[in-house]
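On a predicted model such as this, the values are computed, not experimentally measured, just so you know. Throughout, a chain's letter reflects where its sequence line sits, starting with A, and its residues are numbered from 1.
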Number of protein chains: 2
Amino acid sequence: MFDLLRKHILKRIDLTKAEFQQCTTYFIPKRVRKHRYLLESGDVSRYAAFVVKGCLRSYTIDQAGEEHIAQFAIEDWWIGDPYSYFENQPSVYSIDAFEDSELLLLDRASMEKLCLAIPKFERFFRLLLQANFIASQRRIMQSLSATAEERYLQFLKNYPAIFSRVPQKQIASYLGITPQSLSRIRRHLSKHA
Amino acid sequence: MFDLLRKHILKRIDLTKAEFQQCTTYFIPKRVRKHRYLLESGDVSRYAAFVVKGCLRSYTIDQAGEEHIAQFAIEDWWIGDPYSYFENQPSVYSIDAFEDSELLLLDRASMEKLCLAIPKFERFFRLLLQANFIASQRRIMQSLSATAEERYLQFLKNYPAIFSRVPQKQIASYLGITPQSLSRIRRHLSKHA
DNA sequence: AAATGACGTTAACCTAGGGTAACTATGCTA
DNA sequence: TAGCATAGTTACCCTAGGTTAACGTCATTT
């Protein structure tokens, strides 16, 4: 259960066995079945969730009633709503599972305690945040400069593992296009390549 | 010079006078004249820049030769390319000034030293990153769900101070539309409101 | 076996915003 | 003072992607 988390953390900081043992005590294992919710919009996102197994998404519904996917998460990723989590405000996002999933949850207070107990974790979370921030900057610039087709190809290249695990219409939503457009793009690509 | 920085930091963490004094030693004051560059794409973004006075932007040029603005910065904001800065890679962004500007620069090594000397700064930078990450998430969701006109109105509302200090075409670029479209949107708004 | 309901595909039509270009207005620079 | 570059506006036409709707294919339920 904790093995993937161990590897995940060691990618960013060094930890002794004892430190890792200690750190695991702050996490709460949790299963979320297919189609079930980890977070419902309107609630506060109490947990940052590390995905040990499975596949989930976070999404909002806008004023026009349209769903927009903020993020997918599979093994070795985190999912949550950072705004709600850090600011303790009701979330506009919902998070649900595409597959039966196993998570390790870390609530805000535990994160704080963990950082106090093992100060290296302050650095770990800073690095994590950094990576996420950089990725979201990239997504912004791509949405400004690339066509739907280019964004789709980039998605395939960057996240092949996700592509094969979520319905196409979800990918369309992530890319900011309709499922019909994505279908057209795929047809066009299959003809011309 | 350092007064604004002091207030800026105190918004997020507590600092004694001595600690603040010490922290200032890590920053390098720098002036950038109107139309001059702080960073040119291809170079490594060696500094995170805190804006004491002035107005700057960071932008990329895509394969099609189009400029896209990643960020504006005025007083009390930071500007830089986090990817290049933290990963020590050549940047795809350039940063230049719309007005004569005064900055306080913090290079990577100094940031590291500062965090070691006054560990509270590890937290400060984490909070800063957090705020930026949350803001960029919001920008992503907005670009997925809002029309150009809605995004323009949001921009006006969120950043009125920037609106009045940069050319319209720069705002268009930030919003991901052409200057012509922005002009049309403005005409439409002036008629219907 | 039939019914229901996701999902993906295709087609016909529509619209927000892009591309090009002409015309101002406002600087700078010589 | 002219000359030139940059910014903003408007108009015309065009295109990427949205909208609506029909149809086929699965998988799940009854």
Side-chain angles (χ1 to χ4, degrees), chain A residues 33-37 55 57 59 61-69 72 96-100 141-156 162-193, chain B residues 33-36 55 57 59 61-69 72 96-100 142-156 162-193:
Chain A
R33 312 206 65 131
K34 189 171 176 172
H35 296 139
R36 292 297 176 72
Y37 282 80
C55 183
R57 63 167 182 167
Y59 70 95
I61 294 178
D62 68 19
Q63 312 90 309
E66 305 287 344
E67 250 179 54
H68 300 284
I69 295 199
F72 294 112
D96 61 3
F98 288 119
E99 308 169 359
D100 293 353
M141 295 316 281
Q142 221 171 56
S143 81
L144 291 184
S145 63
T147 63
E149 181 167 319
E150 289 163 342
R151 277 178 281 142
Y152 173 65
L153 288 170
Q154 271 303 120
F155 184 90
L156 281 191
I162 290 174
F163 167 72
S164 54
R165 286 167 76 175
V166 308
Q168 257 188 61
K169 59 177 295 203
Q170 303 296 332
I171 293 172
S173 166
Y174 180 88
L175 296 175
I177 59 178
T178 59
Q180 292 89 326
S181 288
L182 182 51
S183 186
R184 273 186 298 225
I185 287 168
R186 285 161 53 78
R187 178 166 44 124
H188 178 247
L189 287 172
S190 69
K191 275 185 191 162
H192 292 255
Chain B
R33 312 205 65 130
K34 189 171 176 172
H35 296 139
R36 292 297 175 72
C55 183
R57 64 167 181 167
Y59 69 94
I61 295 178
D62 68 19
Q63 311 91 310
E66 305 287 343
E67 253 180 51
H68 301 283
I69 295 200
F72 294 112
D96 60 4
F98 288 119
E99 308 169 359
D100 292 355
Q142 221 172 55
S143 81
L144 291 183
S145 63
T147 63
E149 182 168 318
E150 288 163 342
R151 275 177 283 142
Y152 173 65
L153 289 170
Q154 270 303 120
F155 183 88
L156 280 191
I162 290 175
F163 167 72
S164 55
R165 286 167 75 175
V166 309
Q168 257 187 58
K169 60 177 296 202
Q170 302 298 330
I171 293 172
S173 165
Y174 180 88
L175 295 174
I177 58 178
T178 59
Q180 292 90 326
S181 289
L182 182 51
S183 185
R184 273 183 301 228
I185 285 168
R186 285 161 54 78
R187 177 166 45 121
H188 179 248
L189 287 172
S190 68
K191 275 187 193 163
H192 292 256

- B:T178 side chain near C:dG18 phosphate (N/O to OP1/OP2, under 4.0 Å): yes
Under-3.5 Å N/O pairs linking protein and nucleotides 6-10 of chain C:
unit_1, atom_1, unit_2, atom_2, d
C:dC7, OP2, A:K169, NZ, 3.1
C:dG8, OP1, A:Q168, N, 2.5
C:dG8, OP2, A:Q168, N, 3.4
C:dG8, OP2, A:K169, N, 2.9
C:dT9, OP2, A:Q168, OE1, 3.0
C:dT9, OP2, A:Q168, NE2, 3.4
C:dT9, OP2, A:S183, OG, 3.1
C:dT9, O5', A:S183, OG, 3.2
C:dT10, OP2, A:R187, NE, 3.3

Between its two end axes (five pairs each) the helix from C:dA1-D:dT30 to C:dA30-D:dT1 turns, nearest 10 degrees, through 40°
Using side chain to side chain contact (heavy atoms under 4.5 Å, CB included) as the criterion, list what pairs up with [X], not counting sequence neighbours.
X	value
B:Q170	B:R57, B:E67, B:I69, B:F72, B:F98, B:V166, B:P167
A:S143	B:S143
A:S183	none
B:R33	B:R36, B:D100

Atom CD1 of B:I177 and atom P of C:dA16 are separated, to the nearest Å, by 14 Å
Between CD of B:E149 and P of C:dG17 the distance, given in whole Å, is 8 Å
### Query
Given the rule in the side chain to side chain donor-acceptor pair (under 3.5 Å) test, do A:R184 and A:S181 qualify, once you have shown the distances and angles that lead to the verdict?
CA-CA 5 Å; A:R184 273 186 298 225; A:S181 288; 3.1 Å; yes
Considering residues at least two apart in sequence or located in another chain, which fulfil the side-chain hydrogen bond (donor to acceptor under 3.5 Å, both in side chains) criterion with [X]?
X	answer
A:E149	A:H188
A:Q154	none
B:S173	none

_What verdict does the side chain to side chain contact (heavy atoms under 4.5 Å, CB included) test give for A:I162 and A:Y174, after you've listed the backbone C-alpha separation in whole Å, the side-chain angles of each residue and the deciding distance to 0.1 Å?_
CA-CA 12 Å; A:I162 290 174; A:Y174 180 88; over 6 Å; no
Quick note, salt bridge (charged side-chain N to carboxylate O under 4.0 Å, His left out) partners involving residues 163-175 of chain A, not counting sequence neighbours, are A:E75-A:R165, A:E99-A:R165
Protein-nucleic acid N or O pairs under 3.5 Å, nucleotides 23-30 of chain C:
none

Of all heavy-atom pairs linking B:A148 and B:I177, the shortest is CB-CG2, 3.7 Å
Note: chain A reaches DNA chain D at heavy-atom distances under 4.0 Å over the stretch, first to last nt, 5' to 3', of D:dG17 to D:dA21
